[in-house]
Amino acid sequence: MGKPKVVLGVSGGIAAYKACELLRRLTESGHDVRVVPTAASLNFVGEATWAALSGNPASTEVWESVHEVPHVRIGQSADLVVVAPATADMLAKAAHGLADDLLTNTLLTARCPVVFAPAMHTEMWEHPATRENVATLRRRGAVVIEPAVGRLTGKDTGKGRLPDPEEIFEVCARVLARGVAEPDLAGRHVVISAGGTREPLDPVRFLGNRSSGKQGYALARTAVARGARVTLVSANTALADPAGVDLVRVGTALQLREAVLKAAADADAVVMAAAVADFRPAEYAGGKIKKKDGQEPAPVALVRNPDILAEISSDRAREGQVVVGFAAETDDVLANGRSKLLRKGCDLLVVNEVGEAKTFGSEENEAVILSSDGSELAVPYGPKESLADVIWDQVAPRLAARRA
Ligand code: CTP
């Protein structure tokens with residue numbers, strides 16, 4: 001089998017320089033990349049850079065090498081087309097099917113998955129014309145990655161930044177791995193909690209847990225690649241922001257509850273991958289707790305935190321909302337999982353065995369997915385992204401069935 005063929009479309013925005021890094025990641029990970037820049041983008045990055053980094057010619061117009069019919073061939077033979085950055089103008093052309101250069105022609109002839117990574121000023125992104133163009137592209141099956149919030153060209157900040165090239169690469173890799181041009185979570189809003197809560201004792205100490213957040217982040221990345229709008233509620237993680245998610249950072253279980261409930265109000269699915277502390281210190285010491293000579297430390301009194309998963313499951317914000325929980329168990333893993341599924345009232349419970357060297361912080365995971373309909377699915381040891389995809393494989397048909 002040859003290398004997967006990727007077309008990297010580059011349109012004329014300052015973020016074009018970040019596409020060089022995306023190109024490097026794609027070529028270094030074994031993809032055959034053909035760069036198709038627009039004429040305007042060559043003001044930012046020249047043809048020589050694209051040709052040198054990709055090892056392929058980089059043409060802009062349909063009038064070059066006409067005998068090879070490039071405007072048809074490049075699109076037809078691609079396994080993935082990714083446009084990064086995609087300007088407002090490019091989104092408009094793609095939505096309306098204009099074909100006045102090689103990239104827009106390629107978009108019309110491609111039958112493979114297409115990913116757009118828009119970058120522009122906030123006003124342009126929020127303009128009704130752009131909103132409608134993005135909605136049109138998504139309806140037709142393209143994955144349009146939500147821009148990041150942050151510093152834009154000049155002094156202003158807002159939504160419109162191109163996400164990190166590394167994270168755009170992750171979306172491309174997930175879309176290519178699935179190899180289907182129909183994102184099955186398109187039009188769905190999913191809420192994912194990730195990481196581990198910290199319950200403060202005093203300004204410098206907390207009760208915490210060993211969750212790294214990697215499984216929740218893998219769920220967020222795979223959901224973006226499957227076309228979902230994703231709210232990621234992240235508790236105390238040290239991971240790169242995934243591309244295309246609405247990221248809400250929280251610290252404690254109570255903050256996580258508030259953020260998840262708010263986002264869940266219009267969500268199609270909620271996945272509670274976070275390790276939520278069951279207890280918090282009954283009292284918070286406003287100043288650092290000091291040791292006193294000759295005195296034993298005072299015991300720490302704890303109070304229960306609300307069970308967020310049980311609350312969301314019993315009180316669904318939307319009819320047909322699919323709720324997924326996780327269960328971290330050290331003993332009697334499946335038996336405990338089954339009773340936890342009943343107790344929590346969720347639709348699916350992803351059960352994994354945890355231990356010092358298992359699950360927490362690792363890149364891989366194995367699990368059994370228990371369903372409220374009684375079925376069980378064992379997912380073999382593998383990357384957390386693979387488990388995430390299997391979870392979405394279980395969620396997507398449930399969503400489709402309930403809306404029908
Ligand atoms: N969870 C939650 N709110 C809590 C505790 C846990 O929403 N206060 C969620 C977790 O996000 C996870 C699921 O419940 O999806 C199971 O978490 P786990 O720690 O395994 O279960 P517990 O309810 O804590 O049960 P136990 O400690 O008895 O094993």
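In listed order, ligands and their atoms are each counted from 1.
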## Note on the structure
Tested for side-chain contact (heavy atoms from CB on, under 4.5 Å) against Asp347, the lone hit among Val323, Val324, Val395 is Val323
### Query
Taking atom CD1 of Ile192 and atom CD of Gln215, what is their separation to the nearest 0.5 Å?
10.0 Å
### Query
For ligand 1, which atoms sit closer than 4.0 Å to a heavy atom of Gly325?
15 (O)
## Note on the structure
Check: of Ala310, Pro306, Ala253, min heavy-atom distance to atom 8 (N) of ligand 1 comes from Pro306
### Nearest-neighbour protein heavy atom for atom 3 (N) of ligand 1, which is reported as residue plus atom name and distance
Ile308 N, 3.1 Å
### Task
Could you list which atoms of ligand 1 come closer than 4.0 Å to a heavy atom of Met272?
7 (O), 11 (O), 12 (C), 15 (O)
### Task
Distance to 0.1 Å, residue and atom name: give those for the protein heavy atom nearest to atom 20 (O) of ligand 1.
Lys340 NZ, 2.7 Å
### Summary
In ligand 1, the atoms that come under 4.0 Å of a heavy atom of Leu309 are 2 (C), 7 (O), 9 (C), 13 (C), 14 (O), 15 (O)
### Task
Report, in ascending order of atom number, the atoms of ligand 1 lying under 4.0 Å from any heavy atom of Ala274.
10 (C), 11 (O)
#### Entry: Heavy-atom gap Lys344 to ligand 1 smaller than 4.0 Å
yes
### Message
Students should be able to answer this: which protein heavy-atom is nearest to atom 28 (O) of ligand 1, and at what distance?
### Response
Arg343 NH2, 4.0 Å
#### Entry: Residue of the set Leu98, Val83, Asn133 for which side-chain contact (heavy atoms from CB on, under 4.5 Å) holds with Met90
Val83
### Query
Which of the atoms of ligand 1 are close to Ala327, meaning less than 4.0 Å from one of its heavy atoms?
20 (O)
### Message
Here's a test for you: under side-chain contact (heavy atoms from CB on, under 4.5 Å), which of Thr106, Leu108, Leu102, Asp100 qualifies with Thr104?
### Response
Asp100
### Message
As an exercise, identify every atom of ligand 1 less than 4.0 angstrom from a heavy atom of Ala328.
### Response
20 (O)
### Shortest protein heavy-atom distance from atom 12 (C) of ligand 1, along with the residue and atom involved
Phe326 O, 3.0 Å
## Note on the structure
If we number the atoms of ligand 1 from 1 as shown, the ones under 4.0 Å from a heavy atom of Asp278 are 4 (C), 5 (C), 8 (N), 24 (O), 27 (O)
### Heavy atoms from other residues, nucleotides or ligands near CD of Glu376 exceed 12 (cutoff 6.0 Å)
yes
### Task
Mark yes or no for whether Asp164, through its side chain, and Glu166, through its backbone, hold a donor-acceptor pair below 3.5 Å.
no
### Message
Are more than 12 heavy atoms, taken from residues, nucleotides or ligands other than Glu61, located less than 6.0 Å from that residue's CD atom?
### Response
yes
### Query
Are any side-chain N or O atoms of Thr60 and backbone N or O atoms of Pro37, one a donor and one an acceptor, separated by less than 3.5 Å?
yes
